[in-house]
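Here's the structure, in structure tokens; my notes come after.
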Amino acid sequence: MAGSAVTRRPERPTAGVNTTVLVVDDEADIRELLELSLVRMGLGVESAGSVAEAKALLQRRRFDLCLTDMRLPDGDGLDLVRHIGEHCDDLPVAVITAYGSMENAVSALKAGAFDYLTKPLSLDQLRTLVRSALSLPQKEEPGRQHVLLGDGPGIQQVRLMIDKLARSQAPIYITGESGSGKELAARLIHEQGARRDRPLVPVNCGAIPETLMESEFFGYRKGAFTGAESDREGFFHVANGGTLFLDEVADLPLAMQVKLLRAIQEKRVRKIGATTEDPVDVRIICATHQNLSELVAAEEFRQDLYYRLAVIELRMPPLRECREDIPVLAGAILARLAPAGGAGGARLSEGAREALQRYDFPGNARELENILERAVALAASDEILPDDLQLAPPACMTGEPRVADAPNAGNAKWPLQEYLDQIEREAILEALDTTRFNRTAAAKLLGITFRALRYRMERLRIR
């Protein structure tokens with residue numbers, strides 16, 4: 001069979017459409033195993049024993065998936081991955097690597113491979129990979145739940161990168177300042193990818209007490225410890241088949257980093273109190289506003305885990321690099337803040353729009369949302385003026401004396417109770433936003449009790 005092309009094209013039972021996989025391997029027994037497994041899934045198969053044969057087949061017809069070995073007589077799998085990326089960019093390709101060759105797998109993912117398999121082949125993993133690859137949406141498929149607003153060059157580049165990353169299973173490392181939209185990017189990658197019908201589980205690694213991390217990530221069995229009154233699924237179990245988004249991954253303690261690395265490598269997790277491990281199929285996307293490479297150099301983050309998580313990096317630009325998009329973002333936020341069923345809603349004056357575009361936004365889009373929410377509450381009319389934005393720091397924080405005069409009444413500190421309520425509301429909203437609305441963590445961040453936070457939220461009507 002070496003060097004020959006075998007064609008089997010039965011109809012897929014579910015769709016009634018021919019779906020054909022290209023298998024590229026110079027070992028006849030591996031090729032035959034893959035062919036039989038794929039045919040049993042109702043798929044057509046064509047085989048090639050070299051890079052040249054594969055390129056000839058790709059030129060003659062369209063395929064729905066390509067499986068290629070890394071080692072071939074006239075090149076390697078990376079050559080084929082790059083060729084497909086240049087000439088058949090809508091064709092998912094997966095590489096087959098030798099056991100333990102993680103460097104090859106990572107290189108393939110960086111080159112644009114959809115995913116990888118290791119020898120000896122697991123038929124269950126093969127079927128999972130094939131089903132995921134064949135369920136990739138078409139690039140023009142509508143129905144996205146989240147949208148990345150803006151038309152500036154920075155945002156356009158991010159959109160292109162997200163489209164590319166969505167068609168892969170590679171681990172993604174999203175960098176960017178706080179509030180720059182890292183979780184939004186993760187959701188877009190998930191929604192545009194093959195796992196869109198499975199869960200996306202976001203985890204704020206900095207909000208989980210260290211003593212609870214193992215049980216939160218891996219779950220536990222009933223009776224495993226005091227208080228374990230029933231079985232509980234961990235994050236990996238809940239995200240099985242989908243995506244696990246690890247936000248602020250730099251906050252993971254070293255002991256948990258070791259356990260996370262093993263779970264990613266083995267694709268298996270053991271619940272606390274269990275005697276066996278459970279297989280899990282999870283794509284990892286992580287994010288942090290810190291510099292992971294610097295933390296690795298300082299020995300505060302494991303290098304081996306860093307290389308497993310940071311296969312492909314996506315940088316989210318700060319808002320000050322996308323000033324041309326600020327009016328579009330502001331308009332969308334104001335539309336969301338408008339009363340339900342009400343007419344009109346708040347709008348920015350020309351002066352307010354210019355003031356926002358001049359501002360540096362250290363808190364990025366999250367700060368923009370807080371500023372506009374406050375401005376809507378303080379504005380005397382539906383038109384938001386520059387003073388309503390309160391972009392300059394309050395005088396009480398800068399230590400500078402303030403002269404009260406009628407034109408600046410919008411920034412005045414009277415009536416005193418309203419001003420204090422405004423400051424308190426802003427602080428609580430920022431704490432809740434930082435902790436992903438975890439009230440216990442927000443109370444700790446604010447230095448008050450949970451009961452006090454609940455009382456203040458009720459008084460200020462924060463829901």
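All of these numbers come straight from a predicted model, not from anything done at the bench.
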Derivation of the side chain to side chain contact (heavy atoms under 4.5 Å, CB included) call for Val95 and Leu80
CA-CA 10 Å; Val95 298; Leu80 195 55; over 6 Å; no
Let me see the working for Leu260 and Leu246 under side chain to side chain contact (heavy atoms under 4.5 Å, CB included), right down to the final yes or no.
CA-CA 11 Å; Leu260 177 62; Leu246 304 178; 3.8 Å; yes
Walk me through whether Arg167 and Leu91 qualify under side chain to side chain contact (heavy atoms under 4.5 Å, CB included).
CA-CA 9 Å; Arg167 303 186 69 79; Leu91 173 62; over 6 Å; no
Begin with the C-alpha distance, continue with both residues' side-chain angles, and end with the deciding distance and a verdict on side chain to side chain contact (heavy atoms under 4.5 Å, CB included) for Leu57 and Val24.
CA-CA 11 Å; Leu57 285 171; Val24 187; over 6 Å; no
Mind running side chain to side chain donor-acceptor pair (under 3.5 Å) on Ser47 and Glu35 for me, showing each step along the way?
CA-CA 8 Å; Ser47 297; Glu35 290 172 3; 2.3 Å; yes
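Closest non-hydrogen pair, Ser132 versus Ala194, comes out as O-CB, 2.8 Å. For the pair Arg315 and Thr175, the tightest heavy-atom approach, listed with the atom from each and the gap, is CA-OG1, 3.5 Å. When all heavy atoms of Gly273 and Ala224 are compared, the closest pair comes out as CA-CB, 3.9 Å. Of all non-hydrogen atoms in Val328 and Gly150, the two that sit nearest each other are CG1-N, 4.4 Å. The two atoms that bring Asp251 and Gly206 nearest to each other are OD2-CA, 3.5 Å, heavy atoms only. The nearest pair of heavy atoms linking Ala442 to Leu432 is CB-CD2, 3.8 Å.
Surrounding CD of Gln357 are more than 12 heavy atoms belonging to other residues, nucleotides or ligands, all under 6.0 Å away. For Arg71, the CZ atom counts as loosely surrounded, since its 6.0 Å shell holds 12 or fewer non-hydrogen atoms of other residues, nucleotides or ligands.
Judged purely by atom type and a 3.5 angstrom limit, Lys182 has no side-chain atom pairing as donor or acceptor with the backbone of Met316. Under the 3.5 Å distance criterion, the side-chain polar atoms of Asp64 are matched with a main-chain donor or acceptor of Thr20. Remark: side-chain polar atoms of Arg270 are paired, donor with acceptor, to backbone N or O of Thr275 under 3.5 angstrom. Here the side chain of Asn438 pairs a donor or acceptor atom with the backbone of Thr440 at under 3.5 angstrom. Under a 3.5 Å cut-off, the side chain of Arg195 and the backbone N or O of Gly241 do form a donor-acceptor pair. A donor-acceptor distance shorter than 3.5 angstrom exists from the side chain of Arg196 to the backbone of Gly193, with no hydrogens or angles considered. Judged purely by atom type and a 3.5 angstrom limit, Arg308 has no side-chain atom pairing as donor or acceptor with the backbone of Leu261. Here the side chain of Ser168 pairs no donor or acceptor atom with the backbone of Leu165 at under 3.5 angstrom. Side chain of Asp74 to main chain of Val51: a donor-acceptor pair is present (N/O by atom type, distance under 3.5 Å, no hydrogens or angles).
In this view, Tyr173 satisfies the ring pair (Phe, Tyr, Trp, His ring centres under 6.0 Å) rule with no residue, not counting sequence neighbours. Every residue two or more places apart in sequence or in another chain was checked for a ring pair (Phe, Tyr, Trp, His ring centres under 6.0 Å) with Phe63, and none qualifies. Qualifying side chain to side chain donor-acceptor pair (under 3.5 Å) partners for Glu324, counting only residues two or more places apart in sequence or in other chains: none. Shown here are the salt bridge (Lys or Arg N to Asp or Glu O under 4.0 Å) partners of Glu210, two or more places apart in sequence or in another chain: there are none. Residues satisfying the side chain to side chain donor-acceptor pair (under 3.5 Å) test with Arg268, not counting sequence neighbours, are none. Residues satisfying the side chain to side chain donor-acceptor pair (under 3.5 Å) criterion with Glu430, sequence neighbours excluded, are absent altogether. With sequence neighbours left out, Arg320 forms a side chain to side chain donor-acceptor pair (under 3.5 Å) with Glu177. In this structure, Lys444 has no salt bridge (Lys or Arg N to Asp or Glu O under 4.0 Å) partners at least two apart in sequence or on a different chain.
Applying the ring pair (Phe, Tyr, Trp, His ring centres under 6.0 Å) definition to pairs two or more places apart or across chains, none involves residues 283-338. The side-chain hydrogen bond (donor to acceptor under 3.5 Å, both in side chains) analysis of residues 76-87, with sequence neighbours excluded, yields the pairs His83-His87. Each ring pair (Phe, Tyr, Trp, His ring centres under 6.0 Å) pair with one or both residues in residues 234-279, not counting sequence neighbours, appears once here: Phe217-Phe235, Phe218-Phe236. Residue pairs meeting the salt bridge (Lys or Arg N to Asp or Glu O under 4.0 Å) criterion with at least one partner in residues 230-245, sequence neighbours excluded, are Glu216-Arg232, Arg221-Asp231, Glu233-Lys271.
For the side-chain contact (heavy atoms from CB on, under 4.5 Å) criterion with Leu252, the lone passing option out of Lys259, Met213, Arg302 is Met213.
Counting heavy atoms from C-beta outward, Leu65 and Pro92 have side chains that approach closer than 4.5 Å. Using a 4.5 Å cut-off on side-chain heavy atoms (C-beta onward), Pro327 and Leu348 make no contact. Inter-residue side-chain proximity for Asn204 and Ile208 is flagged as unmet; no heavy-atom pair is nearer than 4.5 Å. The side-chain heavy atoms of Leu372 and Leu356, taken from C-beta on, include a pair separated by under 4.5 Å. Side-chain contact between Lys119 and Glu27: present, with at least one pair of heavy atoms (C-beta onward) separated by less than 4.5 Å. Between Asp325 and Leu149, every side-chain heavy-atom pair lies at or beyond the 4.5 Å cut-off. In this structure, Asn240 and Asp278 have side chains that are not in contact, with every pair of non-hydrogen atoms separated by 4.5 Å or more. For the pair Phe361 and Ile371, the minimum side-chain heavy-atom distance is below 4.5 Å.
Arg283 and Asp281 are not joined by a salt bridge, as no carboxylate oxygen comes within less than 4.0 angstrom of a charged side-chain nitrogen. Checked for salt-bridge contact, Glu277 and Arg262 meet the test: a charged N lies under 4.0 Å from a carboxylate O.
For the atom pair Lys55 NZ and Cys88 SG, the distance stands at 11.0 Å (nearest 0.5 Å). Distance check, rounded to the nearest 0.5 Å: CG of Leu148 to CD of Gln156 gives 10.5 Å.
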